Number of protein chains: 2
Amino acid sequence: MLSDQIARMIEQMLDERGGSLELQRNELAQSLGCVPSQISYVITSRFTPERGYLIESRRGGGGHIRIVRKKMHRDEYLMHFFYAIGKRLEDREARAYLVNLLDNDVITEREAVIITNAASDAALGSIAPEGRAIVRADIFKRILLSLMQ
Amino acid sequence: MLSDQIARMIEQMLDERGGSLELQRNELAQSLGCVPSQISYVITSRFTPERGYLIESRRGGGGHIRIVRKKMHRDEYLMHFFYAIGKRLEDREARAYLVNLLDNDVITEREAVIITNAASDAALGSIAPEGRAIVRADIFKRILLSLMQ
DNA sequence: TGACTTTGACTTTCCCTGACTTTCATTTTA
DNA sequence: TAAAATGAAAGTCAGGGAAAGTCAAAGTCA
């Protein structure tokens with residue numbers, strides 16, 4: 001399959017370059033004889049943050065796509081919480097999680113403060129009350145993922 | 001890329017002169033072999049207030065462009081940003097702010113990562129796209145406030 | 001059948017240029 | 001000497017080109 005081939009190629013380039021690389025979408029597509037958006041598809045479907053990759057890009061002349069492989073020595077703590085959080089997360093629960101993470105030196109106090117505020121009802125005030133717990137859960141998961149490196 | 005080169009050159013001059021400088025657009029363009037409006041483009045796209053620069057200029061004979069890199073202290077910085085953020089905050093703007101806060105040692109890299117993720121479109125995925133910038137602005141302001149203490 | 005792939009048309013972003021406009025200081029003119 | 005002309009800057013804007021992003025439709029495979 002084309003996608004697999006592209007993914008393998010990118011993996012190999014990452015290996016050669018110690019985990020990060022910059023590529024040009026059109027160029028790579030050209031050399032593989034595929035359509036440029038195929039490259040986009042592979043990157044968005046395979047090189048996701050969940051699987052430990054960071055993507056950034058720039059459009060326009062001389063643009064590029066940058067892929068970085070995060071060294072995921074999986075912190076089981078974070079994983080544990082990640083999977084423990086369901087579709088919704090109430091303010092109270094969130095605070096409990098943070099205390100736990102703080103107690104276990106997974107985050108600093110300042111970081112806890114930041115996260116508390118980011119996910120506070122106050123910050124999410126423009127969202128309908130029923131929706132807040134959902135957004136809060138998403139924010140939390142996103143942060144936990146970002147801390148797993 | 002020409003723009004990057006020009007931006008680097010200006011940054012370097014700023015470093016050498018302790019954070020502020022006066023340049024002549026035509027002269028600089030000449031020495032770089034580019035069109036004068038290219039300099040304007042770089043200045044308006046890269047040396048924005050969001051990134052902590054002040055621009056003033058004068059036309060006519062002996063005119064010039066003055067660039068000042070604002071050096072503020074922690075709380076001033078936070079205050080400045082707090083007031084700069086309006087009702088909405090786009091992803092792109094948010095990142096620019098964070099880079100600035102990071103560069104000025106107001107936040108750590110990990111904190112920047114946390115905030116980036118907390119306010120990412122991905123984390124706010126359950127909100128309608130038009131609403132995200134509003135929530136993002138709220139989250140940011142909340143976090144900035146929490147850091148001023 | 002349903003999830004994943006592939007494609008291509010269209011959109012957005014960014015860079016770069018050049019023509020034209022505005023502003024300011026200096027010089028010339030009435 | 002006041003007003004007008006001149007010239008030297010910077011500002012603006014539209015347009016073209018290059019690259020990546022998006023999305024829906026069609027195709028494939030388990």
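Source: prediction; values computed, not measured. Proteins come first, then strands; the chains are lettered A, B, ... in the order of their sequence lines, and each starts at number 1. The figures that follow rest on heavy atoms only: side chains count, while hydrogens, waters and symmetry mates do not.
- Residues passing the side chain to side chain contact (heavy atoms under 4.5 Å, CB included) test with B/Val99 are B/Asp103, sequence neighbours excluded.
- Contact between the side-chain N/O atoms of A/Ser3 and the OP1/OP2 oxygens of C/dT6 is found at a separation under 4.0 Å.
- Between the C1' atom of C/dT17 and the CG atom of B/Leu32 lies a distance of 15 Å, rounded to the nearest Å.
- For the pair A/Ile55 CD1 and D/dA20 P, the interatomic distance rounds to 13 Å; values are reported in whole Å.
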Between N or O atoms, less than 3.5 Å apart, protein on one side and nucleotides 23-25 of chain C on the other: list the pairs.
residue: C/dT23; atom: O2; partner: B/Gly60; partner atom: N; Å: 3.3
residue: C/dA25; atom: OP1; partner: B/Arg58; partner atom: NH2; Å: 2.5

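- For A/Asn26, a side-chain nitrogen or oxygen approaches OP1 or OP2 of D/dA20 to under 4.0 Å.
- The hydrophobic cluster containing B/Tyr41 also includes B/Leu2, B/Ile6, B/Met9, B/Ile10, B/Met13, B/Leu14, B/Leu21, B/Leu23, B/Leu28, B/Leu32, B/Ile39, B/Val42, B/Ile43, B/Phe47, B/Tyr53, B/Ile55, B/Ile65, B/Ile67, under a criterion of side-chain heavy atoms closer than 4.5 Å among ILVMFWY residues, counted directly or through chains of members.
- Note on A/Ile39: nothing from the nucleic acid sits closer than 4.0 angstrom, heavy atoms only.
- Among pairs with a residue in residues 38-49 of chain A, those fulfilling salt bridge (Lys or Arg N to Asp or Glu O under 4.0 Å) read A/Asp4-A/Arg46, at least two apart in sequence or across chains.
- Contact check on B/Arg95 versus B/Glu93 returns no salt bridge, with no Lys/Arg side-chain nitrogen under 4.0 Å from an Asp/Glu carboxylate oxygen.
- To the nearest angstrom, P of D/dA10 lies 9 Å from CD of B/Glu27.
- Over its full length, the helix from C/dT1-D/dA30 to C/dA30-D/dT1 turns its helical axis through 20°, comparing axes from the five pairs at each end and rounding to 10°.
- A continuous path of ILVMFWY side-chain contacts below 4.5 Å connects B/Tyr83 to B/Leu98, so both sit in one hydrophobic cluster.
- Residues of residues 117-126 of chain B that place a heavy atom closer than 4.0 Å to DNA chain C do not occur.
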Cut-off 3.5 Å, no hydrogens considered: what does the side-chain donor-acceptor table look like for residues 107-117 of chain A, sequence neighbours left out?
residue: A/Thr108; atom: OG1; partner: A/Glu111; partner atom: N; Å: 3.1
residue: A/Arg110; atom: NE; partner: B/Glu111; partner atom: OE2; Å: 2.8
residue: A/Arg110; atom: NH2; partner: B/Val106; partner atom: O; Å: 3.1
residue: A/Arg110; atom: NH2; partner: B/Glu111; partner atom: OE1; Å: 2.8
residue: A/Glu111; atom: OE1; partner: A/Thr108; partner atom: N; Å: 2.9
residue: A/Glu111; atom: OE1; partner: B/Arg110; partner atom: NH2; Å: 2.8
residue: A/Glu111; atom: OE2; partner: B/Arg110; partner atom: NE; Å: 2.9
residue: A/Thr116; atom: OG1; partner: A/Ala112; partner atom: O; Å: 2.6
residue: A/Asn117; atom: ND2; partner: A/Val113; partner atom: O; Å: 2.8

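- Among the atoms of the strands shown, none is found under 4.0 Å from any heavy atom of A/Arg66.
- For B/Asp121, the salt bridge (charged side-chain N to carboxylate O under 4.0 Å, His left out) partners at least two apart in sequence or on another chain are B/Arg136.
- Note: CG (A/Asp4) to P (C/dC4) measures 13 Å, nearest angstrom.
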Sort me out a list of protein N/O and nucleotides 7-9 of chain C N/O pairs below 3.5 Å, or just none if empty.
residue: C/dG8; atom: N7; partner: A/Ser37; partner atom: OG; Å: 3.1
residue: C/dG8; atom: O6; partner: A/Ser37; partner atom: OG; Å: 2.8

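- Ring orientation note: the planes of B/Tyr97 and B/Phe140 are tilted relative to one another, at an angle of 30° to 60°.
- Nucleic acid contact class of B/Arg92 (heavy atoms, under 4.0 Å, all strands): sugar-phosphate only.
- Every salt bridge (charged side-chain N to carboxylate O under 4.0 Å, His left out) that A/Asp15 has, sequence neighbours left out, goes to A/Arg69.
- Residue B/Ser126 holds its OG atom at 5.5 Å from CD1 of A/Ile134, rounded to the nearest 0.5 Å.
- Between the C1' atom of D/dC29 and the CE atom of A/Met1 lies a distance of 8 Å, rounded to the nearest Å.
- In this structure, A/Ser57 reaches the D/dG21 phosphate: one of its side-chain N or O atoms is under 4.0 Å from OP1 or OP2.
- Rounded to an integer number of Å, the gap from NE2 of A/His64 to C1' of C/dC15 is 14 Å.
- Spacing between atom CD of A/Glu56 and atom P of C/dC14 amounts to 13 Å, rounded to whole angstrom units.
- Under 4.0 angstrom from either OP1 or OP2 of C/dT5 there lies at least one side-chain N or O belonging to A/Arg46.
- One finds no salt bridge joining B/Glu27 and B/Arg25 here, because no Lys/Arg side-chain nitrogen approaches an Asp/Glu carboxylate oxygen to under 4.0 Å.
- Following rounding to the nearest Å, B/Asp91 (CG) and C/dT13 (P) show an atom-to-atom distance of 12 Å.
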**Request:** Please step through side chain to side chain contact (heavy atoms under 4.5 Å, CB included) for the pair B/Gln12 and B/Glu16, ending with a clear verdict.
**Result:** CA-CA 6 Å; B/Gln12 190 185 329; B/Glu16 282 163 8; 3.4 Å; yes
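- For A/Arg17, the salt bridge (charged side-chain N to carboxylate O under 4.0 Å, His left out) criterion is met by no residue, not counting sequence neighbours.
- Not one N or O on the side chain of B/Arg66 forms a donor-acceptor pair closer than 3.5 Å with the backbone of B/Glu22.
- Partners of A/Glu56 under the salt bridge (charged side-chain N to carboxylate O under 4.0 Å, His left out) rule, at least two apart in sequence or in another chain, do not exist in this structure.
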